[in-house]
Amino acid sequence: MRGAPPELLAVLLDSIADAVYVVDHEGRVEFANPAALELLGWEADDLLGMPSHATIHHHHWDGRPFPEADCPLLRPRTTGETVRAEDDVFWRRDGSRFRVAYSSAPLATDHGRGAVVVFRDVTAQLEAEEALRREAVAQARAEELHASRARIVEAADAERRRLVRDLHDGAQQRLIGILLALRRAADRAARAEADAEAAGAGTAGAGGDVAELIEAAARETQAAIAELRDLGSGLHPQILTNRGVAAAVESLTGSLPLVVTLEIPERRWPAAVEAAAYYTIAEALTNVVKHADASAATVRVRDDGGELVVTVADDGRGGATPAPGRGLAGLRDRVEALGGTLAVGAGASGAGADAGDAAGAGTVLEARLPLTAAAAQAPPAHGDGDRAPG
Amino acid sequence: MAALRVLVADDNALLRQGLARLLEDAGIAVVAEAGDAEELLRKARAHRPDVALVDVQMPPDGTDDGLRAAREIRATLPATKVVVLSQFLEERYALDLIGDDASGVGYLLKDRVADVGALVEAIERVAAGGSALDPEVVARMVGRRRADDPLADLTPREREVLTLMAEGKSNRGIAALLQITPAAVDKHATRVFDKLGLGDEPGEHRRVMAVLTRLRAS
């Protein structure tokens, strides 16, 4: 600088975009270029000679007073060091404030060591950065939430599969074992009875009672087996794991008191998607049977590459959307955990109902289940040892 | 008549042994037992039993290994007939097992062991080249609501006859169960076939196949 002609310096300071001011050894503003005056909202005549700290740097951003003794901007005067700050605050003449990044370097003036301060208004830049950061944090939280919902649903599914398997290998097998034992006991009783009769002993009737008791026990056992079978298939049908959505829904609809038309491709999808599709259909059909006063329903599953679209339409009363009970809420959780959507609305002409008749238009439930995301994020489909055949 | 030779496959040893004893008490020779699908296939090839009695869900995979092994036996060992015992009331499994040939095959719920007479009768029927479909599975198929239900025109008696035919029962068996004459069963059967638009099929397993196909298609 020392070698530069003073005129060049003046032109330079006038024209550069950076704001520059100079303080003297007492910290009074000795010079300010047009960019600095513009940012600070002062006229040169009014600003020059003012104590810089008390004029533009008197408070922190949050309103706490900023003692001059602590001011890093003025420190170069006394220590000779150069000070930089990335995020400080300057106050305008009208009392408004803005965020600044600056450097302050020592400068020899006529009366002693002062400082030259170069600064920029970084309000917009910092706010943008902060917004980005907030967004990233929010996004990370949303992703974490999404992932944990998916984990919860997946864990619940795995638990259901485990339960069904334990039922099958445990209680159900044992009951069949009991049935076998009862059968053999009945045979023994019958044989003993026959032997007794052949021997002419007059105790006929006692053996008959035993046979009847055993028969009753066998009937109860069989009823328990049937109940456990229904329970297991309601929890998580084994056929869904082994054969997929089409077979499982076919099985589900076999005993429903209405005509159900199925349009479901014989294909396999990720286990979480199959479970969501299956439970959506099961819950929707349960609602139809309970509330819709319908005689027919149509279940469609369409794989459009990106997502699995599941619709269940009925020809019932419609209008009155089924009360979003716990079942539907649970379903929404399950579907949204996969990043999908669930919508319930009035049917147009679903399930073959005549269009135009609002009362007979029925209800349509539609779930959209993303395939790519689910496939990418789905944990090993059957971590509990279940396996779906290719 | 020489005793039927049967192989029993179930991963639950107690159950397998219980079933074997039950069958032996009923005069059936249990020639081998198997605890998983691989052992089942190996012993079926070695012993060539008349009938393999197979649990659907077995190791190694614990899914439907037994069912798949049963299909392989049907495909590769024509002399060995197959009865699958299942805890699952699933039309799909039964139809998968039967494929396009209902001869020498059975699908029964496991709790049928409670009625050993009916179980043995089903095993004998399958051994003789017939079929045995669980009454509950058939009831599910017959009971399914259909648009333009072809079964709607059947009288209750014809419906009963249809159900028993689908289970694989012979005319003589149906006659005994319904306490009518075989000739009467014949007449009902003919009318059922007319109403369902099926040609009369010779042989009981062909008849089962025709009925299943019709129930499936509608």
Side-chain angles (χ1 to χ4, degrees), chain A residues 165 167-170 172-184 186-188 191 215 217-219 221-226 228-230 232-233 237-239 241-244 246-248 250-251 253-261 295-298 351-352 382 385-389, chain B residues 10-26 55-65 67-68 85-96 109-119 136-149 215-216 218:
Chain A
R165 195 185 186 74
L167 267 183
H168 175 272
D169 293 346
Q172 282 176 286
Q173 295 278 44
R174 278 177 201 280
L175 285 172
I176 288 167
I178 290 172
L179 214 47
L180 276 171
L182 288 172
R183 171 48 53 202
R184 286 167 61 79
D187 286 351
R188 295 258 171 96
R191 227 171 290 150
E215 192 51 47
R219 273 199 306 275
T221 309
Q222 255 182 304
I225 291 169
L228 285 183
R229 188 160 55 221
D230 289 349
S233 125
Q238 188 247 21
I239 191 136
T241 312
N242 287 350
R243 290 286 195 281
E250 187 182 293
S251 171
T253 54
S255 51
L256 289 185
L258 77 167
V259 177
V260 186
T261 306
S295 63
T298 301
H382 302 288
D386 284 352
R387 249 157 289 174
Chain B
D10 197 310
D11 56 324
N12 184 311
L14 271 179
L15 219 94
R16 188 173 68 232
Q17 287 153 13
L19 190 56
R21 258 177 273 149
L22 191 78
L23 293 175
E24 299 205 309
D25 286 353
D55 183 20
V56 169
Q57 183 170 306
M58 279 200 295
D61 287 352
T63 59
D64 59 347
D65 307 52
L67 191 72
R68 279 180 276 141
L85 289 180
S86 174
Q87 298 205 27
F88 306 104
L89 176 48
E90 299 289 359
E91 296 168 40
R92 182 65 73 101
Y93 283 156
L95 294 173
D96 274 5
L109 288 180
K110 236 177 181 178
D111 34 319
R112 296 298 158 209
V113 298
D115 186 348
V116 72
L119 178 65
E136 280 202 55
V137 175
V138 172
R140 176 74 71 89
M141 292 182 80
V142 171
R144 183 184 284 274
R145 300 290 178 95
R146 297 166 169 84
D148 307 318
D149 193 349
L215 288 176
R216 186 101 220 255
S218 47

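Each chain gets a letter, A, B and so on, in the order the sequences are listed, and its residues count up from 1.
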Peer 1: Under 4.5 Å from any heavy atom of chain B, what part of A:Leu256 do you find: side chain, backbone, both or neither?
Peer 2: backbone

Peer 1: Starting at CD1 of A:Ile176, measure out to CD1 of A:Ile225 and round the result to the nearest 0.5 Å.
Peer 2: 4.5 Å

Peer 1: So for A:Pro237, is it side chain, backbone, both, or neither that comes closer than 4.5 Å to the heavy atoms of chain B?
Peer 2: neither

Peer 1: For the CZ atom of A:Arg229 and the CD atom of A:Gln222, what is their distance to the nearest 0.5 Å?
Peer 2: 9.0 Å

Peer 1: Side chain, backbone, both or neither: which part of B:Leu14 has a heavy atom under 4.5 Å from chain A?
Peer 2: neither

Peer 1: A:Thr253 versus chain B, heavy atoms under 4.5 Å apart: side chain, backbone, both or neither?
Peer 2: both

Peer 1: Would you please classify the geometry between the B:Phe88 ring and the B:Tyr93 ring as parallel, tilted or perpendicular, with 30° and 60° separating the classes?
Peer 2: perpendicular

Peer 1: Sort B:Asp25 into side chain, backbone, both or neither according to what part of it lies under 4.5 angstrom from a heavy atom of chain A.
Peer 2: side chain

Peer 1: Select one option (side chain, backbone, both, neither) describing which atoms of B:Leu109 are under 4.5 Å from chain A's heavy atoms.
Peer 2: side chain

Peer 1: Counting only non-hydrogen atoms closer than 4.5 Å, does A:Ser255 touch chain B with its backbone (N, CA, C, O), its side chain (CB onward), both, or neither?
Peer 2: both

Peer 1: Using non-hydrogen atoms and a 4.5 Å limit, figure out which bit of A:Leu258 sits close to chain B: side chain, backbone, both or neither.
Peer 2: backbone

Peer 1: For B:Glu91, which atoms come within 4.5 Å of any heavy atom of chain A: side chain, backbone, both, or neither?
Peer 2: side chain

Peer 1: If we ignore angles and hydrogens, is there a donor and acceptor under 3.5 Å between the side chains of B:Arg68 and B:Thr63?
Peer 2: yes

Peer 1: Please check if the side chain of B:Arg16 supplies one atom and the backbone of B:Asp10 the other of a donor-acceptor pair under 3.5 Å.
Peer 2: yes

Peer 1: Within a strict 4.5 Å, meaning less than it, do heavy atoms of the B:Asp55 and B:Lys110 side chains meet?
Peer 2: yes

Peer 1: Counting heavy-atom pairs under 4.5 Å to chain B, which of A:Arg219, A:Arg174, A:Arg184 comes out on top?
Peer 2: A:Arg184

Peer 1: Specify which of B:Gly143, B:Gly18, B:Ala114 makes the most heavy-atom pairs with chain A at under 4.5 Å.
Peer 2: B:Ala114

Peer 1: Can you check whether A:Ser251's main-chain N or O pairs, donor with acceptor, with B:Arg140's side chain at less than 3.5 Å?
Peer 2: yes

Peer 1: Would a distance-only check, ignoring hydrogens and angles, find a side-chain to backbone donor-acceptor pair under 3.5 Å from B:Arg144 to A:Glu250?
Peer 2: yes

Peer 1: What part of A:Ala218 lies closer than 4.5 angstrom to a heavy atom of chain B: side chain, backbone, both or neither?
Peer 2: neither

